[in-house]
Amino acid sequence: MQISTDNAKQCLLDKRYLRMARIWAENSYCKRRQVGALIVKDKSIISDGYNGTPSGFENICEDEDNKTKLYVLHAEANAITKMAKSANSSSGATLYVTASPCIECAKLIIQSGIVRVVYSEAYHCTSGIELLQKAGIQVDLIEI
């Protein structure tokens with residue numbers, strides 16, 4: 001009985017952090033798609049990110065043809081690089097992200113020591129999810 005209560009509590013927490021990531025995505029200046037990410041460890045948010053341009057660049061994500069500029073950072077990359085500037089460690093943490101990670105972000109997730117990824121929308125390409133699973137990272141789709 002205790003296991004199912006713990007699972008129910010974790011599910012509630014997962015949905016809460018995903019809703020928070022969705023709200024955080026609203027900070028993005030990208031017009032085509034806004035994505036938010038939170039890194040959580042021991043029930044504390046230790047980093048956050050949203051998709052956008054690198055520091056010092058204008059906050060315009062799309063070119064004149066409405067295509068995403070090549071240098072736009074994904075929400076996961078922003079959260080992980082923000083972590084690298086802090087005293088926190090993402091080893092053993094969970095990443096909550098509004099869209100499933102691409103393969104480039106999956107590589108960063110693996111290298112950062114994150115052990116679980118929870119996302120709420122599937123991206124059209126599944127190679128990132130497949131790589132995470134191959135690396136033994138727990139991956140959960142939870143629609144909110």
Side-chain angles (χ1 to χ4, degrees), residues 5-144:
T5 302
D6 289 345
N7 286 342
K9 285 181 182 179
Q10 185 61 54
C11 187
L12 288 173
L13 277 175
D14 290 343
K15 289 180 179 183
R16 186 172 299 141
Y17 285 127
L18 284 170
R19 287 192 307 271
M20 292 170 73
R22 182 178 287 165
I23 290 168
W24 199 245
E26 295 173 11
N27 289 315
S28 172
Y29 287 89
C30 296
K31 294 177 183 168
R32 293 182 63 217
R33 183 180 192 113
Q34 294 180 316
V35 179
L38 300 174
I39 300 176
V40 176
K41 187 173 180 179
D42 301 325
K43 296 184 182 175
S44 294
I45 298 169
I46 58 173
S47 191
D48 54 58
Y50 51 87
N51 57 325
T53 58
S55 298
F57 283 69
E58 62 184 354
N59 288 321
I60 300 173
C61 299
E62 294 83 12
D63 63 18
E64 55 279 348
D65 296 323
N66 201 33
K67 297 203 187 267
T68 302
K69 293 179 180 178
L70 291 177
Y71 55 83
V72 168
L73 291 162
H74 290 186
E76 306 94 302
N78 265 327
I80 290 169
T81 56
K82 185 176 181 180
M83 173 76 51
K85 291 167 111 176
S86 75
N88 290 319
S89 168
S90 54
S91 183
T94 297
L95 171 72
Y96 292 90
V97 63
T98 57
S100 58
C102 70
I103 191 137
E104 293 302 318
C105 288
K107 292 184 232 179
L108 293 174
I109 293 164
I110 293 164
Q111 290 300 98
S112 70
I114 290 169
V115 297
R116 183 172 180 240
V117 174
V118 181
Y119 65 99
S120 58
E121 297 172 18
Y123 188 63
H124 63 85
C125 181
T126 61
S127 58
I129 295 297
E130 292 163 7
L131 183 63
L132 291 171
Q133 291 169 333
K134 185 175 182 178
I137 293 173
Q138 181 182 340
V139 180
D140 296 311
L141 168 62
I142 299 176
E143 296 175 352
I144 55 170

Checklist entry - E130: what forms a side-chain hydrogen bond (donor to acceptor under 3.5 Å, both in side chains) with it, not counting sequence neighbours? => result T126
Next on the checklist: By the disulfide (SG to SG under 2.5 Å) test, which pairs, at least two apart or in different chains, include something from residues 35-137?
Outcome noted: C30-C61
Next on the checklist: For residues 62-90, which residue pairs pass the ring-ring contact (aromatic ring centres under 6.0 Å, His included) check, not counting sequence neighbours?
Outcome noted: F57-Y71
Checklist outcome for this item: When rounded to the nearest 0.5 Å, the distance separating CD1 of I137 from OG of S112 is 7.0 Å
Checklist entry - Mind checking what makes side-chain hydrogen bond (donor to acceptor under 3.5 Å, both in side chains) contact with R19, not counting sequence neighbours? => result none
Next on the checklist: Among residues at least two apart in sequence or on other chains, which ones pass side-chain contact (heavy atoms from CB on, under 4.5 Å) with I60?
Outcome noted: E58, K69
Which atom pairs, donor and acceptor, lie under 3.5 Å between side-chain atoms of residues 40-51 and protein residues at least two apart or in another chain?
| unit_1 | atom_1 | unit_2 | atom_2 | d |
| --- | --- | --- | --- | --- |
| K41 | NZ | S89 | O | 3.2 |
| K41 | NZ | S91 | O | 2.9 |
| S47 | OG | A79 | O | 2.7 |
| D48 | OD1 | W24 | NE1 | 3.4 |
| D48 | OD1 | K82 | NZ | 2.7 |
| D48 | OD2 | K82 | NZ | 3.4 |
| N51 | OD1 | S28 | OG | 3.1 |
| N51 | OD1 | V35 | N | 2.8 |
| N51 | ND2 | R33 | O | 2.8 |

Next on the checklist: Tell me which pairs pass salt bridge (Lys or Arg N to Asp or Glu O under 4.0 Å) where either residue lies in residues 83-106, with sequence neighbours left out.
Outcome noted: E104-K107
Checklist entry - Taking only residues two or more places apart in sequence, or in another chain, which ones meet Y123 in a ring-ring contact (aromatic ring centres under 6.0 Å, His included)? => result none
Next on the checklist: Evaluate T94 against Y17 for side-chain contact (heavy atoms from CB on, under 4.5 Å), listing each step before the verdict.
Outcome noted: CA-CA 10 Å; T94 297; Y17 285 127; over 6 Å; no
Item to check | Pair listing, salt bridge (Lys or Arg N to Asp or Glu O under 4.0 Å) test, anchored in residues 23-32, at least two apart | outcome: none
Next on the checklist: According to salt bridge (Lys or Arg N to Asp or Glu O under 4.0 Å), does anything in residues 134-144 pair up with another residue at least two apart or in another chain? List the pairs.
Outcome noted: R116-D140
Checklist entry - Yes or no on side-chain hydrogen bond (donor to acceptor under 3.5 Å, both in side chains) for Q10 and D14, after CA distance, side-chain angles and deciding distance? => result CA-CA 6 Å; Q10 185 61 54; D14 290 343; 2.8 Å; yes
Checklist outcome for this item: Here the gap from N78 atom CG to N27 atom CG, rounded to the nearest 0.5 Å, amounts to 11.0 Å
Checklist entry - Just how far is it from atom CG of L95 to atom CE of M83, taken to the nearest 0.5 Å? => result 9.5 Å
Checklist entry - Does S120 have any side-chain contact (heavy atoms from CB on, under 4.5 Å) partners at least two apart in sequence or in another chain, and if so, which? => result L18, R22, T98, I144
Checklist outcome for this item: Output for pair (I109 CD1, I114 CD1), nearest 0.5 Å, gives 5.5 Å
